**Student:** 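What follows is a single structure, and I will ask about it in a moment.
None of the values given here were measured: they were computed from a predicted structure. Numbering of ligands and ligand atoms starts at 1, following listing order.
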Amino acid sequence: MRPALILHGGAGSPAADLTAAREQGLRRAFAAAWTILQQNGSALAAVIRATVELENDSVFNAGVGSCLNQEGNIEVDASLMEGSTFRAGAVGAVRNLRNPILLAQAVLDAGRHVFLVGEGAERFARLQGFPSATRPELVTERQLRRWQSAQTTGEPGTVGAVAMDTGGHLAAATSTGGIFNKQPGRVGDSAVIGAGTYADDTLGAGSATGDGEAIIRATLTRTAIELLRDGKDPTQAARIAVDFLHKRTNGEGGLILLDALGRVGYAYNTPAMSVAFLAGDRVVIRE
Ligand code: ASP
């Protein structure tokens with residue numbers, strides 16, 4: 001089966017000075033994950049690889065370059081799910097971590113729990129051998145300036161990846177620093193299975209971005225994936241789900257989707273959302 005892949009780099013009002021850097025970051029992450037899929041690697045391995053690349057890129061609000069909370073600290077959220085086994089792993093409000101998606105993977109692999117948060121998740125990270133990332137390693141000048149000037153516009157930058165491998169299996173991953181100036185301890189949709197991330201081989205898989213509180217209340221990715229049950233085109237399903245998000249919660253956001261055939265879809269109701277997918281043999285980036 002021909003593999004499929006779609007990535008997002010967040011929904012919101014984009015900072016124009018970062019457009020080229022974001023595009024470059026998405027291309028790099030896409031190429032890395034695509035290589036895995038072409039070599040018959042799993043969809044789960046591909047979404048993890050894409051997400052790690054984007055977490056390491058400081059122009060995105062995930063891992064390095066995450067936004068700061070009310071107290072000027074970084075607390076990250078991430079989750080991932082495998083559509084064939086329904087295995088899932090998630091972490092919320094975790095400090096001092098460079099690659100939250102790898103900690104979510106460790107939770108998935110350990111198998112006993114699905115969702116670890118805060119101090120317990122940090123202790124689990126140390127036990128698993130994750131190094132404690134230092135503040136200078138994670139906090140960028142840009143995010144620090146933003147926090148110092150209490151700039152409130154919703155810059156995008158959450159990252160997400162959805163893949164289908166050559167075996168026809170699906171996986172999805174999402175990672176974020178959350179929303180700017182959030183309350184310490186706040187966990188958003190990106191860590192919540194069914195809201196920010198979901199995968200089911202029989203229907204489809206998706207990753208969301210936008211107003212986390214609204215996306216949780218609308219269980220956005222699961223809602224969109226349920227719509228695929230009627231054989232709807234993924235673009236149409238994503239559109240209906242985003243309209244539902246807006247109608248019922250007044251929330252703004254978007255999501256990327258793959259259906260069980262590997263067809264891509266996405267929709268958003270924010271001024272912009274960055275997306276990367278394949279059209280024929282060409283990687284298309286939409287901002
Ligand atoms: N959904 C993320 C959150 O609420 C933020 C975003 O996607 O921009 O934490």
**Student:** Kindly determine whether E213 and R186 satisfy salt bridge (charged side-chain N to carboxylate O under 4.0 Å, His left out), including the steps that lead there.
**Tutor:** CA-CA 10 Å; E213 283 68 14; R186 180 263 189 189; 2.8 Å; yes
**Student:** Establish, from distance only, whether the side-chain atoms of T174 and S207 form a donor-acceptor pair under 3.5 Å.
**Tutor:** yes
**Student:** Do R146 and Q143 meet the criterion of a side-chain donor-acceptor pair at a distance under 3.5 Å?
**Tutor:** yes
**Student:** Between the protein and ligand 1, are there any N or O atom pairs that come within less than 3.5 Å of each other, and if so, what are their names and distances?
**Tutor:**
from, atom 1, to, atom 2, distance (Å)
ligand 1, 1 (N), D189, OD1, 2.6
ligand 1, 1 (N), G210, O, 2.7
ligand 1, 4 (O), R186, NH1, 3.4
ligand 1, 4 (O), R186, NH2, 2.8
ligand 1, 4 (O), D189, OD1, 3.4
ligand 1, 4 (O), G210, O, 3.4
ligand 1, 4 (O), G212, N, 3.1
ligand 1, 7 (O), T158, OG1, 2.9
ligand 1, 7 (O), T209, OG1, 2.7
ligand 1, 7 (O), G210, N, 2.8
ligand 1, 8 (O), T158, OG1, 3.2
ligand 1, 9 (O), R186, NH1, 2.7

**Student:** More than 12 non-hydrogen atoms from neighbouring residues, nucleotides or ligands closer than 6.0 Å to CZ on R95, yes or no?
**Tutor:** no
**Student:** Go through D243 and K247 one step at a time and tell me if the salt bridge (charged side-chain N to carboxylate O under 4.0 Å, His left out) criterion holds.
**Tutor:** CA-CA 6 Å; D243 289 347; K247 195 164 166 213; over 6 Å; no
**Student:** Taking the side chain as every heavy atom from C-beta outward, state whether I193 and V114 have any pair of such atoms under 4.5 Å apart.
**Tutor:** yes
